[in-house]
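These numbers come from a predicted model, not from an experiment. Values reported hereafter were calculated over all heavy atoms of this structure, with side chains retained and with hydrogens, waters and symmetry mates removed. Throughout, a chain's letter reflects where its sequence line sits, starting with A, and its residues are numbered from 1.
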Number of protein chains: 2
Amino acid sequence: MSTLTPTARVILGLVASGPRTGYDVKRIADSSTRFFWGASYGQIYPELRRLEGEGLIESSEEPRGRVRRRVYRITPAGTRAVREWLLDTETAFEIRDEGLLRLFFGDLLEPEDVLELVRRRRTWFELTAVYFREIGDELDVQDDEVLRYGIELMEWNATWFARLEKRLSQG
Amino acid sequence: MSTLTPTARVILGLVASGPRTGYDVKRIADSSTRFFWGASYGQIYPELRRLEGEGLIESSEEPRGRVRRRVYRITPAGTRAVREWLLDTETAFEIRDEGLLRLFFGDLLEPEDVLELVRRRRTWFELTAVYFREIGDELDVQDDEVLRYGIELMEWNATWFARLEKRLSQG
DNA sequence: CAATGCATGTAATAGGTTACATGATTTC
DNA sequence: GAAATCATGTAACCTATTACATGCATTG
């Protein structure tokens with residue numbers, strides 16, 4: 001049983017959700033999983049071939065006119081692999097947040113600079129929350145738990161930094 | 001002006017906070033910035049030499065007994081570089097969350113499996129929140145905004161997944 | 001005297017992005 | 001007929017982790 005990379009699992013999951021071209025995978029990932037696990041072309045096309053080599057997906061040429069086009073579909077072995085991964089207990093959770101890093105080194109700055117940093121951060125989270133809401137309205141996916149999580153996480157962050165802002169400006 | 005990698009900035013920030021050996025940097029990063037930006041030995045030692053080569057830090061041999069030991073200190077140019085970075089507006093924010101990815105592909109699972117997944121996630125966040133609190137108690141850093149953020153973020157997540165759990169089990 | 005901690009380092013490998021090249025089709 | 005979208009791909013590069021090697025000092 002080969003161990004798949006996280007990106008391979010994203011790709012496998014997307015193909016398991018329906019027949020996809022490499023281009024499809026990129027497009028869908030960019031508008032959904034991107035926020036918690038992205039994928040670039042440099043990964044997608046080689047990985048699709050690798051997954052096919054391992055028998056987890058299979059493909060057929062389905063050109064549109066004269067545009068060559070390869071559609072991938074999940075195999076029974078692929079379905080088993082996806083389910084196995086989804087039921088696995090291992091949990092990778094990682095935040096890479098440069099703003100938080102800056103706050104951590106706040107002692108190296110003047111108090112007013114820290115305040116400005118916090119203010120910018122609050123604004124950024126507010127804007128991102130709005131942006132996520134717009135995605136939901138456009139795609140009309142009110143029942144998407146993950147998108148809901150994203151929106152509420154951004155809102156929580158905006159609130160947290162607004163509170164810190166108040167504390168710092170009064171403190 | 002060379003552009004520093006995020007890890008280089010973490011290292012630079014830690015050296016700016018006080019004289020450090022490579023070992024110090026690793027130890028401190030592991031107990032603090034690790035949760036939002038880690039650093040491994042494979043990065044630290046070469047990066048310290050690179051930063052010294054650029055004149056942002058300088059070092060001196062300060063052996064303890066017969067154990068060779070090189071202590072790095074920030075230079076004026078290094079101080080300028082750190083401040084410049086801290087005041088920069090660019091914000092890298094990234095979450096890599098496999099649990100969320102699993103939830104996203106929930107349609108590929110039976111509802112009871114999704115419920116179990118959500119339950120495990122809730123538990124994990126609860127435990128992590130407790131763990132973060134313990135770090136705060138041990139280090140006695142009640143005024144550390146970043147640690148506070150970590151604790152509250154874990155608690156918010158625990159609550160969010162508890163709510164989802166309820167929603168799913170009631171249908 | 002064993003285990004743990006302090007201390008430095010590197011080679012191999014993994015994982016991923018960026019930037020580019022190519023060309024058809026559809027939409028405005 | 002220009003621009004956007006669909007579609008596939010790769011070479012070069014960057015960043016980072018893992019696993020290992022080495023050895024002294026301190027603590028129980």
Original post:
On DNA chain D, nearest-nucleotide positions of A:Gln43 versus A:Arg64: which is more 5'?
Top reply: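 This one resolves to A:Arg64.
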
Among [options], which is the nearest nucleotide to the side chain of [X]?
X	options	value
A:Thr7	C:dG16, D:dC24, C:dT17	C:dG16
A:Arg66	C:dG9, C:dT25, D:dT17	C:dT25
A:Pro46	C:dC6, D:dT10, C:dG16	D:dT10
B:Thr21	D:dT8, C:dA7, C:dT10	C:dA7

Length of the [atom1]-[atom2] vector between [X] and [N], whole Å:
X	N	atom1	atom2	result
A:Arg49	D:dT10	CZ	P	4 Å
A:Glu61	D:dG9	CD	C1'	13 Å
B:Tyr23	C:dT4	OH	C1'	9 Å
B:Asp24	C:dC6	CG	P	9 Å
A:Ile11	C:dG15	CD1	C1'	12 Å
B:Ile28	C:dC6	CD1	P	11 Å
B:Arg68	D:dA25	CZ	C1'	15 Å
B:Tyr45	D:dA19	OH	C1'	16 Å

Subject >> Which residue lies more 5' along DNA chain C, comparing A:Ala8 with B:Arg69 via nearest heavy atoms >> reply: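 Of the two residues, B:Arg69 wins.
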
Original post:
Considering heavy-atom distances to DNA chain C, does B:Arg96 or B:Val71 have its closest nucleotide positioned more toward the 5' end?
Top reply: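 Closer to the 5' end of DNA chain C: B:Val71.
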
Original post:
With a 4.0 Å cut-off on heavy atoms, is B:Arg20 in touch with a base, just the backbone sugar-phosphate, or nothing at all?
Top reply: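 Result for B:Arg20 = nothing.
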
Original post:
So what does B:Gly42 touch, heavy atoms closer than 4.0 Å: a base, only the sugar-phosphate, or nothing?
Top reply: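 Base contact.
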
Original post:
How close do A:Ala158 and A:Arg122 get, heavy atom to heavy atom, and via which atoms?
Top reply: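 Nearest pair, atom of A:Ala158 first, then A:Arg122: O-CG, 3.3 Å.
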
Subject >> Contact summary for B:Leu109 and B:Val114, nearest pair of heavy atoms >> reply: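 So the minimum-distance heavy-atom pair works out to CB-CG2, 4.0 Å.
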
Subject >> Side-chain donor/acceptor of B:Arg96 to backbone N/O of A:Trp37, under 3.5 Å >> reply: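 No; judged by distance alone, with no hydrogens or angles, the pair does not exist.
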
**OP:** Output yes when a side-chain donor or acceptor of A:Arg69 lies under 3.5 Å from a complementary backbone atom of A:Thr21, and no otherwise.
**Re:**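 Absent.
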
Original post:
Using a cut-off of less than 4.0 Å, is there contact between a side-chain N or O of B:Thr5 and OP1 or OP2 of D:dA16?
Top reply: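 Checking D:dA16 against B:Thr5, a side-chain N or O does come within under 4.0 Å of OP1 or OP2.
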
Original post:
Any chance CD of A:Glu112 has more than 12 other-residue heavy atoms, nucleotides or ligands included, within less than 6.0 Å?
Top reply: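 For A:Glu112, atom CD is crowded (more than 12 foreign heavy atoms under 6.0 Å).
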
